[in-house]
Amino acid sequence: MRKMGWKELPPGAINPWAGNFMEVKTGSFRGGLKPVFHEEHCIHCLFCWVFCPDNAIIVKEGKMVGINYDYCKGCGICTVECPTSPKSLTMEKEELQL
Amino acid sequence: MAERRILNGNAAIAEAIRQINPDVVAAYPITPSTAIVEYIAKFVADGLMTTEFVTPESEHSAMSMCIGSSAAGARVFTATASQGLALMFEMLYIASSLRLPIVAGIANRALSAPINIHGDHSDTMGARDSGWIQIYSENSQEAYDNVIQAFRIGEHRDVSTPVMVGMDGFILSHAVQDMLVEEDDKVKAFVRERNPLYSILDVDNPITVGPIDFTDYYFEHKRSQFVGMENAPEVILEVAEEFKKEFGREYGFFELYKMDDAEVAIVLLGSTAGTAKEVVDELREKGRKVGLVKIRVYRPFPAKELADVLSNLKAVAALDRAASPGAVGGPLFTDLRASLYEYEKRPIIVDYIYGLGGRDIAPKHIAEVYERLEKIAATGERGELIGYINLRE
Ligand code: SF4
Ligand code: SF4
């Protein structure tokens, strides 16, 4: 992404590009653990979607369908909040992408 | 017609604010600026102002409210002094970097410890790097005139920078002066309406105010902030010109007093200028070529303009009513000396720290400084770089 020079910036350090955090791929924050979705146990309560602090739970037609690893920070909140037993979301090891 | 009134500095500033009737005043009382806030509270209670007057629990909160209101597009005023300004420190930087033209009236007062409520410039000098424009006043009239101009300067879209107007605590804030209060309508017309750069209430153009920057953008945002300060000098002079046309009183970056053929000069800011003018008059009667430069605008510092005036002199003394322990000298001195560095021909310059905690400075003290400057001019020998006026050994 090209970075703007100081003369191009809007005054007062305001951010006028509503929603531009989509450009920041927070998936790079993950530190070796990622949530893995087990569809067979899922009851589609969407707690994971509500609690996910980013934009990483993919929902289609009211149903949880998977995780967007471009944005998932690997915080693990979804796996804690998931109410099913066994869990429909579990944290698992992944290779660090450096 | 302008009205002749007998007002102290606090009342003078409050009068200006009554006439300007800002959208929001958020302030916490602290000596010696308390009366500004008390007068405003009374004006609001008496229905003379429609201002949203907020009384928060601290100066930090007061400045925070000013920031929020100003980011919403409101015209905002606050008043404080000393420890109160110090408590605002964190928020001062936020106000300036968000380019919010808040106006603050400061009754300059010493900083603790020891606790002292009297006048010196330690409070605003401590905030000199905060990105606020700083204007100092010699008397009640100037405090009134400077506050009126401060709104126009800060709110100019090319500037969009907060402004603090200083007046010496007690010496000005509590001493009455015969002065002119202009007509309400004329003052209102002069300050116009604020036309903000942005507003958080503009729902058609959603923005985030104060987001986080990492190493990739903070520096660029800081650099772009400085543009307001860089544009300020031109606007300060424009506003002064218009003020003179409307109200007849003349202002600039500084005032020159008997400087035309002066060989030595004192440079200072604030109420001591009044005392120094008396001394200059007396010495001039005896044929001595002494002059005075009273700085009005300290930030942005009028470096080139001052150096142009001072470079041909033989000796100059900066009078600092604030100390900067461990620095080369007081804040005014270091700025002044750095400004003169550009010039091959420049005067010998010395610094005096004076008046801390309200310590008196009498005509005889100023006369002694002129005497020393004349000696330096005659011998070319500077002696001590930093002196202290009216201090017991
Ligand atoms: S781990 Fe955190 S960021 Fe990733 S999907 Fe779960 S809640 Fe969202
Ligand atoms: S919280 Fe668990 S059960 Fe509920 S939708 Fe998310 S994965 Fe499915």
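Here is how names work: the chains are called A, B, and so on, in the same order as the sequence lines, proteins then strands, and each is numbered from 1.
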Stepwise, does the side chain to side chain donor-acceptor pair (under 3.5 Å) test hold for B:Asp23 with B:Thr51?
CA-CA 5 Å; B:Asp23 300 302; B:Thr51 297; over 6 Å; no
With a 6.0 Å cut-off on the ring centroids, do B:Tyr217 and B:Phe214 count as close?
no
Once the angle between the rings of A:Phe47 and A:Phe51 is folded into 0 to 90°, is it parallel (under 30°), tilted (30 to 60°) or perpendicular (over 60°)?
perpendicular
Is it the backbone or the side chain of B:Asn205 that comes under 4.5 Å from a heavy atom of chain A, or both, or neither?
neither
If you count the non-hydrogen atoms of other residues, nucleotides and ligands that lie under 6.0 Å from NZ in A:Lys63, is the total more than 12?
no
Option in A:Ala13, A:Ala18, A:Pro11 with maximal non-hydrogen atom pairs under 4.5 Å from chain B:
A:Ala13
I'd like to know which of B:Arg99, B:Lys222, B:Gln225 tops the heavy-atom pair count under 4.5 Å against chain A.
B:Arg99
If one checks every heavy atom of B:Leu98 against chain A at 4.5 Å, the contacting part turns out to be both
